[in-house]
S.K.: 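Please read through the structure below; I'll follow up with questions.
Numbers here are sequence positions counted from 1.
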Amino acid sequence: MSPAVSRRGTLVGRLARWLRHHLLGVFAVLGVVAFTLGLVGTYREFRADPQTFSWANVVFFTATLFIADGTIFQNLGHYPLSLEIARFLAPIATTVGVADAVSTVFAQRFERFRARRARRHVVVCGTGPTASALVDKLSRAKQVVLVAEDAQREYPDAELPPGLLRVVGDPVEPLVLAQAGVARAEVIYGCLPDTSSNLGIALAARRLAVDRAESPLRCLAQVGDLSLIPHLRARRIGLTDDPGFRLDFFAIEVLGAHALLQRHPPAWASPERTGPPTSPAAPLVVIGLSGLGRALVTELARRWQAAVGADGPLLPLAVSGPDATEAVTTMREREPALGRVRLTAHDTRRGALPPAVTDPPGDQPPPEFVYVCDGDEELALLAGLDAAQALDRRFGVARTTIVVRTGRQRSLHDVFGGSASRRPPAVAGPLLANLRDGVRFFAVNDEALPLDLGDTDFVDRLAQASHAHYVEAELRAGIEMGSRQAMVPWADLPDDLRDANRAQAAHVGEILRAQALMLMPVDAAETDFAFTEAEVEELALLEHDRWRRERSTRGYQLGPVRQDGIDRRHPALVDWSALAEADQERARRAVRVLPTILAHAGLRIVRLNDPT
């Protein structure tokens, strides 16, 4: 949809809403004025003839003015001015009232008609904090269709954003999604409370995504339990029978953990820092092991492991909550990166700082950050303020930064204010003092959404990681950057080669299954996986055959490659036996590095015939 068409659609939508919002008021004003003038004029008209005068006649014939009945005017004489005005005003009021009724009756049908004809739009299924945050942000720049059984209650006419259309119905039903124009949508979000319903949305959307191989429908399904995401991704990767449909999964807590560390990172995780930490890391504290709290602990562990390596020092991290010990035990079983964390669990009352933090042994420094992740906003605020008071009393004012999780931006963040540098000059100061900026607020839904489709696309991330390993290996082999079309960073890679990398990533599961290998979520007890030389040779051959088929379907032919533009020739389009040794070795390297790439995505390879 072009910007001009989008702007015209927005103006039409605003005009239609303005008329709908004001028709009833116009009808009421015109009706009262016409009826009052009609009563006065009819009273004077009948009062002149005592034989016909009665209050019943006055009221009855005044009412007939609204249906343009001319009985009272059949003598074609001169009538009181008030009656003359009322005889024209009353039918106008009736017309406005009918227009309001018709617009109310047919508004939902017209909205569905517009949704069904929309193109390259976004479909959001369900209501709640995640869906609301997506709608509020995306509707500012794109056409958004909200599909939910309570869509009109969530966004009534008086509060409808200009870029939003509503379709009332169950989004799991294919017919309802068809009314939302899913067949021509750019992306669909499943934001219902339970994972099974969001998988039902994905199944229904897939049935509608036909003949879209050139521009696949993106589907992002929200998952309630963080631990389900790697299981679902492992079962989805490698299914290549849906060229027009791409499915991935997200949890607002995982996205929130990434966004939280982007906004409030420890010193060793700062984007400005290069290389491993040169001094011991300051302690960190996470209060409340809600979904966000668990995701934050996991993300801190992964980033620390990436920063210091497998043999680096341990990150001091304390967590507290009513069942912290049990939660930490479960997390250790599922996340290998926690092996690089000196993780201490403290079973405390809800929102309490553990004693080891307020009264640390020896000369341990104060925590750099305390992340309060309680799901209850009021309890999180209380815990944050209590923690600030206790740490200020123990270590001095504002030596520790307290970050309190909130639901939406228009709440505690605005009440206490953020940093003065981020507040526009025209905006008044905060309602309450912010303890010298020692307490900050993180609105998880506003900060984590909308999703970056590139960052959340699992296949895309695998493709980027694979390309990065390819470039690194070629550089070690003496190949210079820019010497070939593929020897450039991902951002500069031609679209055709990006698609080739994505096709390779999407085919991983199918290649592995051919060798009785399977993808599973990472496990803390899992030892490092390595292919046997026989497996490397067989998988490299299968990957080369897949690559040849993919290149051939795109019109490539055997021949030398030119570097002066898009070339549809390649010298490696031959059988494996005729392939140059250097090209065979590239295919083998792509296989050998596969376990490392998958491990960064939370997946591991297992042998189906291995009893262990």
Side-chain angles (χ1 to χ4, degrees), residues 1-29 96-173 175-182 184-193 201 220 222 407-411 414 443 445-446 449-451:
M1 182 182 296
S2 67
V5 174
S6 178
R7 284 195 296 271
R8 284 199 298 271
T10 301
L11 290 175
V12 171
R14 287 178 176 175
L15 178 60
R17 279 191 293 275
W18 187 92
L19 289 174
R20 283 204 60 209
H21 293 165
H22 293 83
L23 276 178
L24 184 60
V26 172
F27 166 71
V29 171
V96 173
V98 170
D100 179 65
V102 170
S103 66
T104 301
V105 170
F106 290 100
Q108 185 173 332
R109 291 187 179 182
F110 181 62
E111 208 165 348
R112 286 194 177 190
F113 172 77
R114 291 180 59 199
R116 194 165 55 247
R117 293 178 61 85
R119 292 180 179 276
R120 307 301 299 170
H121 57 294
V122 176
V123 179
V124 178
C125 300
T127 54
T130 302
S132 296
L134 283 170
V135 168
D136 293 345
K137 289 198 169 186
L138 292 174
S139 61
R140 299 171 188 171
K142 301 180 71 70
Q143 182 74 73
V144 177
V145 178
L146 175 64
V147 184
E149 293 181 308
D150 55 347
Q152 289 186 319
R153 184 179 60 189
E154 186 76 9
Y155 285 92
D157 291 346
E159 303 174 9
L160 197 64
L164 178 64
L165 299 172
R166 300 160 300 180
V167 173
V168 178
D170 185 356
V172 177
E173 297 294 331
L175 288 177
V176 176
L177 290 184
Q179 292 172 344
V182 166
R184 293 179 299 276
E186 179 180 359
V187 59
I188 176 172
Y189 296 92
C191 301
L192 293 177
I201 291 172
L220 293 165
Q222 183 171 240
R408 297 298 306 273
Q409 194 80 357
R410 304 296 182 190
S411 54
D414 293 337
N445 288 293
D446 281 342
L449 298 171
L451 284 68

S.K.: Would the distance check show the side chain of Glu149 and the main-chain N or O of Gly169 forming a donor-acceptor pair, the cut-off being under 3.5 Å?
M.R.: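 Not a single qualifying donor-acceptor pair exists.
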
S.K.: Using the side chain to side chain contact (heavy atoms under 4.5 Å, CB included) rule, pick out the option among Leu164, Leu134, Val123 that qualifies with Val144.
M.R.: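 With Val144 as partner, side chain to side chain contact (heavy atoms under 4.5 Å, CB included) holds for just one option, Leu164.
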
S.K.: What pair of heavy atoms forms the shortest contact from Ser139 to Pro161, and how long is it?
M.R.: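 Scanning both residues completely, I find the closest heavy atoms to be OG-CB, 3.7 Å.
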
S.K.: Please evaluate residues Leu177 and Cys125 with respect to the criterion side-chain contact (heavy atoms from CB on, under 4.5 Å), reporting the C-alpha separation (whole Å), side-chain torsions for both, the decisive distance (0.1 Å), and the verdict.
M.R.: CA-CA 9 Å; Leu177 290 184; Cys125 300; 3.9 Å; yes

S.K.: Could you tell me whether the side chain of Val172 reaches within less than 4.5 Å of the side chain of Leu192, counting heavy atoms only?
M.R.: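 Contact flag for Leu192/Val172 side chains = yes.
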
S.K.: Donor-acceptor pair, distance only, cut-off 3.5 Å: does the side chain of Arg112 make one with the backbone of Val168?
M.R.: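 A pair under 3.5 Å: yes.
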
S.K.: Mind listing the closest non-hydrogen atom pair of Val167 and Ala115 along with its distance?
M.R.: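 For Val167 and Ala115, the tightest heavy-atom pair comes out as CG2-CB, 3.9 Å.
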
S.K.: If you compare all heavy atoms of Ala133 against all heavy atoms of Asp446, which two are closest, and at what distance to 0.1 Å?
M.R.: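 What the structure gives for the nearest pair is CB-OD1, 4.4 Å.
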
S.K.: Could you go step by step and tell me if Glu154 and Arg166 meet the side-chain contact (heavy atoms from CB on, under 4.5 Å) rule?
M.R.: CA-CA 10 Å; Glu154 186 76 9; Arg166 300 160 300 180; over 6 Å; no

S.K.: Ala131 and Val124: which non-hydrogen atoms are nearest, and at how many Å?
M.R.: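 Taking every non-hydrogen atom into account, CB-CG1, 3.9 Å.
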
S.K.: Quick one: which of Lys137, Glu186, His121, Arg120 gives a side chain to side chain contact (heavy atoms under 4.5 Å, CB included) with Lys142?
M.R.: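 Passing option: Glu186.
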
S.K.: Quick one: OH on Tyr155 to CG on Leu160, what's the gap to the nearest 0.5 Å?
M.R.: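 Answer rounded to 0.5 Å: 9.0 Å.
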
